[in-house]
Every structure is written in C-alpha cells, then in structure tokens.
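In what follows, a single structure is set out as structure tokens and then discussed.
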Amino acid sequence: MKVSQRAQEVPASATIAVTSRAQELKAQGVDVVGFGAGAPDFDTPDYIKDAAIASLKAGQTKYTPAAGIPPLRAAIAEKLRKENGLDYSPDQIIVNIGGKHSVYEAMQAVLDPGDEVIMSTPYWVTYPETIKLAGATAKIIQTDKSTGYKITPAQLRKAITAKTAMLLINSPNNPGGFTYTPKELKALAEVLAGTNVCVLSDEIYEKLIYGDTEFVSFASLSEDAFNRTLTLNGFSKTFSMTGWRLGYTAGPLDVIKAMGRLQSHMTSNAVTFGQYAAIAALGAPAAEAIESMRKEFERRGQYMTERLNGMDGVECCEATGAFYCFPDVSSHYGRSINGAKITGSMDFAKALLDQANVALVPGLPFGCDNNVRLSFACSLEQITKGLDRLKEWLSQ
Ligand code: PMP
C-alpha cells in the first residue's frame, strides 16, 4: 500500500529504538545495562492509582469535553498560579494525551507552511519532526559545552528573521540535563520583545532540578513573555505517569481554543479516569511524593557526572535538571575499539552495546554528534555496573 510522503519523511524515534534493542537483548538473556530510559523507574504513587480506581468504580468511563474535565483544568490553573506565578483561567488550559501530543497540537495550531521555528542543540528528537509535520522549518542554533549547551541572547537575535514564528525552549533539558537560570531566560525574553515570535516552553521536567538550581516558567518572566508563551507540562515525569498519557498546555485563549478544535477531531479527550487521577495527583500528597523521587535522582546524577568526568576523554557538564547526563565523548572518535572504528556517536553507541552490553543513546539524533545520552532513571547499582563497563571499554 502507498505510504504518504509525509509519513515517509518521519523517522522512528531514535530513543525508542535504542531502548527496544536493549530490551531485545535482555529477552535473549544478555545482561544489558540500559541507560536509554526516558521514564522514571519509580512506580506511580498509590494515592494517584487509588483515585483512578475510585473514578472507574464510580463509573467515570465515558467521553468528557475534548479539552478536559472542568475540575482538572481548574486544578491545573491553581497549580500554575501557586507554583509558577502564572495567572491562567481554566479555559486557557487544555489537557492533552501526553506532553508529546501537546507539542504536536500546539505546533499544528500555531504554525503555517513557510514559518520558521528556532530551536537549539541538543534538542528532544520529537521537535524537528513535529515542526516538519506542521509544514514549518526548524532553524537550529548549534551549541556546545562552552556555553553549557545553552543559547545566548546574541545567537537568538541573529537567528530571528521575518519568518520566525516560534522559539522552542526546553528547560530542564532532555537530553542535555541542563537548566537555564532565571537570568538567562530573562535575557532571551528581552530579545523577543517587539517581535511576533511565540514561545513554546516545554517545562515537563520542572520538578526534577538539583543542587541550587532554580526553576522559572518562561511565561512568568514578564507580561510580554506571558502573552507570547504556550506553557507545556504534563504528569509523565513529575508523577512517574508515562503510561497514563497526560499532558497539558496553557496559553492565550485563541490558541488554546484552536487546539481544542483540533483535538475534538483528532483524539477527543484524554482518558477519563486518568483525568480524575490527575486531579488527585496535584493534591496534597504531591510534594512529598515528588521530593523523595527528586532526591534519589539528585544522588544518582551527581554520582554519574563524577564518574563520567573521571574517565579518559569524557567531559560532562553538571546535571542540573531532568535525569540525563550528556557527556562529550568525541575525543574517542577516530579510534578503533576491539576492531570497531568509532567515527561518531552512532558507532560509539553501537560498539558499546555490542561489546560491553551497555545501552546509551547516541547524540546525533539530538543534533550533537560529539555527545551521548545516559539516563539515570535506573538504580544506583545498575549505574555503577554500567559505568564500570564503560570505563573498562574506553580503556581498551
Ligand atoms: N518534552 C520532553 C522534553 C520530553 O523529554 C518528553 C518525554 N520524553 C515529553 C515532552 C513528553 O512526555 P509525555 O508525552 O510522556 O508527556
């Protein structure tokens, strides 16, 4: 059967591909250490599961309004007001089927063919594809370790053209594990003043920050920033709910309404009992549940960063957010390890998996071929084992 041009042009997610390959090897009995995970390794807290079960038992099993049930939209508005200093009314909020869907739908609602979207390396693999699917073009700012992989106001100013419709910001960042400081974000927001550029601020890792890192929502930086920003967030990472498929977008009423119209034809509402569970998730036990997970990630992230920086030819910035280390391993490129020629991150990841049974994600699909991504969403024991293997492999 014919496959559309559009679908042919979209590659499968590279992160999912590595995880699948590692799972395949595990199923064959190979002792693989997987650093590919994009999901917390904790279970969803019981108080959230209990709320889903109660809502099912109470018969919450039918369609809801496409944009989500009013009490959930109100609970999200309250969360954004209290925690993020953002004053959205519930009708400025739409509940989507995961943050990935929020990104897709926001782009469909805002972008036209010919529009340019500014984003920077390293980027989440889904962004370029969703931009393409909206008929727009990604304008990619290349970053490196010298600025901690963050873009500067000068770089942003230079990238803006008459065609620029959107700036994508993802802080804390996947795959970079870095977080923009409030001051850095403010400087970027100032560059946008007087332009027509909207901002899609992907804040899905907001609660996973470490050390003295401060999180600030882009839309809270100024009134101007508020008016030009779509704030994207979800339940996957904060509450360890990746399988529940719950994300949300908040922003100007006309865009949120447009997203609602699209959603009413594409998917309709997010799963009904999941929405009731999401109200519970945002309730009183949230802070404690999140903090215990955050602390554990912090411990692992520090350990992983230290160990990586202790390896020959590996340079890793401090992980200030999310659950990823993104070391530069390019000084090993050009070498042969056990007969495998390492020319870039793809060869690096493949040879490491084949020879040492360690799965990590090559940086190339994130726009940074010098780097590889290691997730610390796995036990400290697995991290130690995997890093011992990596160190040993690199020394060959
Ligand atoms: N944004 C970023 C930067 C992500 O890493 C992810 C998950 N990998 C998402 C959004 C979407 O997550 P979900 O669809 O599970 O809500």
In Å and rounded to the nearest 0.5 Å, what is the [atom1] to [atom2] distance from [X] to [Y]?
X    : Y    : atom1 : atom2 : value
E214 : I209 : CD    : CD1   : 8.0 Å
K391 : R307 : NZ    : CZ    : 7.0 Å
L111 : C198 : CG    : SG    : 7.0 Å
T231 : I169 : OG1   : CD1   : 12.0 Å
T272 : I69  : OG1   : CD1   : 8.0 Å
S375 : M304 : OG    : CE    : 7.0 Å

Closest approach of [X] to [Y] (non-hydrogen atoms, all atoms of both residues):
X    : Y    : answer
M259 : A109 : CG-CB, 3.6 Å
V361 : G36  : CG2-CA, 4.0 Å
Y324 : A37  : CE2-O, 3.7 Å
G301 : C325 : O-SG, 4.3 Å
A289 : P45  : CB-CG, 4.0 Å
I141 : A159 : CD1-CB, 3.9 Å

Check whether [X] reaches the backbone of [Y] with its side chain - one donor and one acceptor, N or O, closer than 3.5 Å.
X    : Y    : result
Y248 : R73  : no
Q263 : A270 : no
R6   : L133 : no
R300 : F376 : yes
Q142 : G367 : yes
H332 : D312 : yes
N170 : D202 : yes
Q155 : T143 : no
Q382 : G34  : no
T147 : K150 : yes

Could you tell me whether [X] and [Y] make a salt bridge, using a distance below 4.0 angstrom between a side-chain N and a carboxylate O?
X    : Y    : result
K132 : E9   : no
K79  : E203 : no
K257 : D91  : no
K186 : E190 : no
E298 : R294 : yes
R21  : E24  : yes

Step-by-step side-chain contact (heavy atoms from CB on, under 4.5 Å) determination, L387 to L374: CA-CA 10 Å; L387 292 178; L374 292 87; 4.0 Å; yes
Audit row: E129, V125, side-chain contact (heavy atoms from CB on, under 4.5 Å) steps and yes/no: CA-CA 7 Å; E129 307 311 327; V125 287; over 6 Å; no
Considering residues, nucleotides and ligands other than [X], do more than 12 of their heavy atoms fall under 6.0 Å from its [atom1]?
X    : atom1 : value
E78  : CD    : yes
E381 : CD    : no
N196 : CG    : no

Donor-acceptor side-chain pairing of [X] and [Y] below 3.5 angstrom:
X    : Y    : result
T249 : N96  : yes
Y205 : K237 : yes
E206 : N84  : yes
Q275 : T64  : yes

Test side chain to side chain donor-acceptor pair (under 3.5 Å) applied to S345 and D369, D328, N371, the passing residue: D369
[X] versus [Y]: any side-chain heavy-atom pair under 4.5 Å?
X    : Y    : value
L192 : F218 : yes
Y180 : I151 : yes
L167 : R228 : no
D144 : N370 : no
Y333 : D347 : no
M346 : P365 : yes
L282 : F235 : yes
L208 : P172 : no

Worked verdict on E392 versus R389 for salt bridge (charged side-chain N to carboxylate O under 4.0 Å, His left out): CA-CA 5 Å; E392 160 77 22; R389 288 183 188 176; over 6 Å; no
F297, F35, F42, Y210 screened by ring pair (Phe, Tyr, Trp, His ring centres under 6.0 Å) with F323, the one that passes: F297
Do [X] and [Y] sit in one hydrophobic cluster, given that two such residues count as connected whenever their side-chain heavy atoms are within less than 4.5 Å of each other, even indirectly?
X    : Y    : answer
I131 : V255 : yes
V32  : L390 : no
Y104 : M107 : no
L232 : M119 : yes
Y127 : I118 : no

Check: W244 ring centre within less than 6.0 Å of F273 ring centre: no
Proximity of F226 and Y88 rings by center, below 6.0 Å: yes
side-chain contact (heavy atoms from CB on, under 4.5 Å) evaluation trace for N338 with Q396: CA-CA 7 Å; N338 294 327; Q396 290 179 29; 2.6 Å; yes
Chi angles and distances behind the side-chain contact (heavy atoms from CB on, under 4.5 Å) call for I97, M266: CA-CA 11 Å; I97 295 78; M266 289 198 291; over 6 Å; no
Parallel, tilted or perpendicular: rings of F326 and Y149 (30°, 60°): perpendicular
Those residues that, when tested against K207, pass side chain to side chain contact (heavy atoms under 4.5 Å, CB included) (two or more places apart): E83, T238, I290
